[in-house]
Asker: 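The structure under discussion is supplied below as structure tokens; questions concerning it will follow.
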Amino acid sequence: MTEQNFIPKPYTNSIQQGRYTWSSPSNIALVKYWGKKKDQIPENPSISFTLNNCKTTTTLSFSKKTDKEAFSFEVYLDGEKKESFKSKIETFFNRVEVYLPFLKAYHFKIETSNTFPHSSGIASSASGMSALALCLMSVEKALLGGSVIPSVVEESQAETYFIQKASFLARLGSGSACRSLEGDLVVWGKSEAIEGSSDLFGVKFPHQVHEVFKNYQDTILLVDKGEKVVSSTVGHNLMHGHPFAQERFKQADKNLKTITEILKSGDLDAFIALVESEALTLHAMMMTSMPYFILMKPNTLEIINKIWAFRKETGSKVCFTLDAGANVHVLYPENETNLVLNFIKDELVAFCQKGQYIVDKIGFGAQELSIYK
Ligand code: DP6
């Protein structure tokens with residue numbers, strides 16, 4: 001598949017107005033995406049668990065306008081107008097217009113809400129951009145009379161194509177968003193280890209996965225809910241000319257191959273070593289950028305040390321990962337749920353802001369909630 005495959009055939013239906021709703025989950029990377037080329041092309045492949053409870057629901061209402069001069073849209077978060085979201089969406093519309101040529105023909109109202117607490121430090125860009133991309137795909141499907149696939153793609157691929165194009169569009173909004181459409185494991189970025197993998201969109205992990213990873217748990221400890229000192233976009237850019245960048249990209253590529261084996265064998269010790277090393281390497285890249293920055297907080301380190309001590313004491317297979325922030329994702333197999341939740345309550349909650357944490361687990365992707373189709 002190339003970019004050209006995502007340019008639609010001419011629209012056949014004329015639609016005055018409509019409304020679609022999609023809900024899309026967040027995801028947590030095991031092998032991290034950090035560093036990108038032009039047009040949101042990742043420097044290395046990444047893999048994530050799709051989450052189940054941390055979700056964004058977006059309703060996109062659209063009505064035909066007379067001019068086709070400029071984009072016209074308004075954005076609401078939990079019913080409140082959000083001017084601050086507009087520039088990110090404007091950039092997104094500019095990037096995807098060639099693939100969605102109807103964008104300037106309509107006025108859009110984007111109404112969005114998250115299941116996770118407002119400004120919890122949990123990035124809503126992955127779930128948000130994925131939900132918006134799906135709503136836009138529903139509009140396109142209607143404009144094409146139900147089938148979105150271009151003639152170069154076989155009819156039997158219709159369902160895959162819809163999700164693939166949505167993932168392709170979501171990537172142009174926010175890289176990690178392209179891993180939020182399906183579950184329970186998604187790979188984004190070309191890798192020899194993953195057949196069908198692409199830099200353009202996420203694909204479901206195609207290999208066998210050991211039972212122990214089924215229903216894997218992720219409890220997110222909210223350590224710091226403040227504004228990030230450096231955004232992901234700025235952080236990615238600091239990988240250009242970074243002294244360790246090329247080694248890091250090679251390492252991620254290798255780690256993706258290794259985790260493919262681990263997911264098959266169910267070797268949890270190897271899983272822990274790889275996932276924790278990825279998390280700390282991500283933050284090491286931040287600390288060794290120029291300018292350098294630190295997104296972890298003292299309590300992030302307290303939690304990491306407690307997890308290591310607990311593992312040593314009990315033999316538990318609990319581990320942590322981090323995204324671009326101070327919060328800690330605590331990962332563990334389903335059969336350790338009681339053990340780890342008690343450990344969190346007894347020893348880790350004290351390090352969370354206002355004692356807050358979110359119990360989540362791996363999930364299976366986005367869902368359409370539209371009443372009218
Ligand atoms: C650390 O997807 O938020 O979470 O493409 O600039 O929107 P943009 O960046 P974003 O970066 C996420 C980075 C990460 C690791 C990951 O999810 O793989």
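Residues take their numbers from the sequence shown, with the count starting at 1. We count ligands from 1, going down the list as the structure has it; atoms in each ligand are counted the same way.
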Asker: With Arg171 as the cation and Phe168 as the aromatic partner, state whether NZ or CZ is under 6.0 Å from the six-membered ring centre and within 45° of the axis.
Answerer: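 Yes, cation above the ring, under 6.0 Å and within 45°.
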
Asker: For Ser232, counting its heavy atoms only, list the atoms of ligand 1 lying under 4.0 Å from any of them.
Answerer: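 Near Ser232, meaning under 4.0 Å from one of its heavy atoms, ligand 1 has 3 (O), 9 (O), 11 (O).
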
Asker: Could you tell me whether Lys104 and Asp67 have a side-chain N and a carboxylate O separated by less than 4.0 Å?
Answerer: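 A salt bridge is absent here (no side-chain N lies under 4.0 Å from a carboxylate O).
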
Asker: When the ring centroid of Phe271 is compared with that of Tyr216, is the distance short of 6.0 Å?
Answerer: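 Yes; Tyr216 has its ring centre under 6.0 Å from that of Phe271.
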
Asker: Which of the atoms in ligand 1, numbered in the order shown and given with their element, are less than 4.0 Å from a heavy-atom of Ala324?
Answerer: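 Under 4.0 Å from Ala324, ligand 1 has these atoms: 1 (C).
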
Asker: Any heavy atom of Arg171 sitting closer than 4.0 Å to ligand 1?
Answerer: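 Checking ligand 1 against Arg171, which is what was asked, there is no heavy-atom contact under 4.0 Å.
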
Asker: Under 3.5 Å between any N/O of Ser176 and any N/O of ligand 1: does that happen in this structure?
Answerer: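 For ligand 1, there is an N or O atom that lies under 3.5 Å from one belonging to Ser176.
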
Asker: Please report whether ligand 1 has a polar contact with Lys32, defined as an N or O pair separated by less than 3.5 Å (distance criterion only).
Answerer: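 No, Lys32 has no N/O under 3.5 Å of an N/O on ligand 1.
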
Asker: Closer than 4.0 Å to some heavy atom of Gly175 - which atoms of ligand 1 meet that?
Answerer: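 The atoms of ligand 1 under 4.0 Å from a heavy atom of Gly175 are 2 (O), 5 (O), 7 (O), 8 (P).
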
Asker: Could you list which atoms of ligand 1 come closer than 4.0 Å to a heavy atom of Ala29?
Answerer: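 Counting atoms of ligand 1 from 1, those under 4.0 Å from Ala29 are 16 (C), 17 (O), 18 (O).
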
Asker: Should Lys82 and Glu111 count as an ion pair when the cut-off is N to O under 4.0 Å?
Answerer: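 Answer for the salt bridge query: no.
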
Asker: Does Lys81 come within less than 4.0 Å of Glu74, counting only side-chain N to carboxylate O?
Answerer: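 Glu74 and Lys81: salt-bridged.
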
Asker: Between Phe201 and Lys165, is there a cation-pi geometry (under 6.0 Å to ring centre, at most 45° from the normal)?
Answerer: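 Pair Lys165/Phe201 does not count as cation-pi.
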
Asker: Give the atom numbers and elements of ligand 1 that come within less than 4.0 Å of a heavy atom of Lys36.
Answerer: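 This gives 5 (O), 6 (O), 8 (P) as the contact atoms.
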
Asker: Sort out for me which residue in Ser130, Ser124, Ser24, Ser127 forms a side chain to side chain donor-acceptor pair (under 3.5 Å) with Thr56.
Answerer: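 The residue from Ser130, Ser124, Ser24, Ser127 that satisfies side chain to side chain donor-acceptor pair (under 3.5 Å) with Thr56 turns out to be Ser127.
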
Asker: Under a heavy-atom criterion of less than 4.0 Å, does Arg179 contact ligand 1?
Answerer: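 Yes, Arg179 has heavy atoms under 4.0 Å from ligand 1.
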
Asker: Could an N or O of ligand 1 be found under 3.5 Å from any N or O of Ser174, whether backbone or side chain?
Answerer: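 Yes: some nitrogen or oxygen of Ser174 is under 3.5 Å from one in ligand 1.
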
Asker: Report the C-alpha distance between Gln17 and Tyr106 in whole Å, list the side-chain angles of each, state the deciding distance to 0.1 Å, and finish with yes or no for side-chain hydrogen bond (donor to acceptor under 3.5 Å, both in side chains).
Answerer: CA-CA 8 Å; Gln17 59 187 45; Tyr106 292 94; over 6 Å; no

Asker: Under 4.0 Å from ligand 1, counting heavy atoms only, is it the side chain of Ile28, its backbone, both or neither?
Answerer: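 No part of Ile28 comes within reach of ligand 1.
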
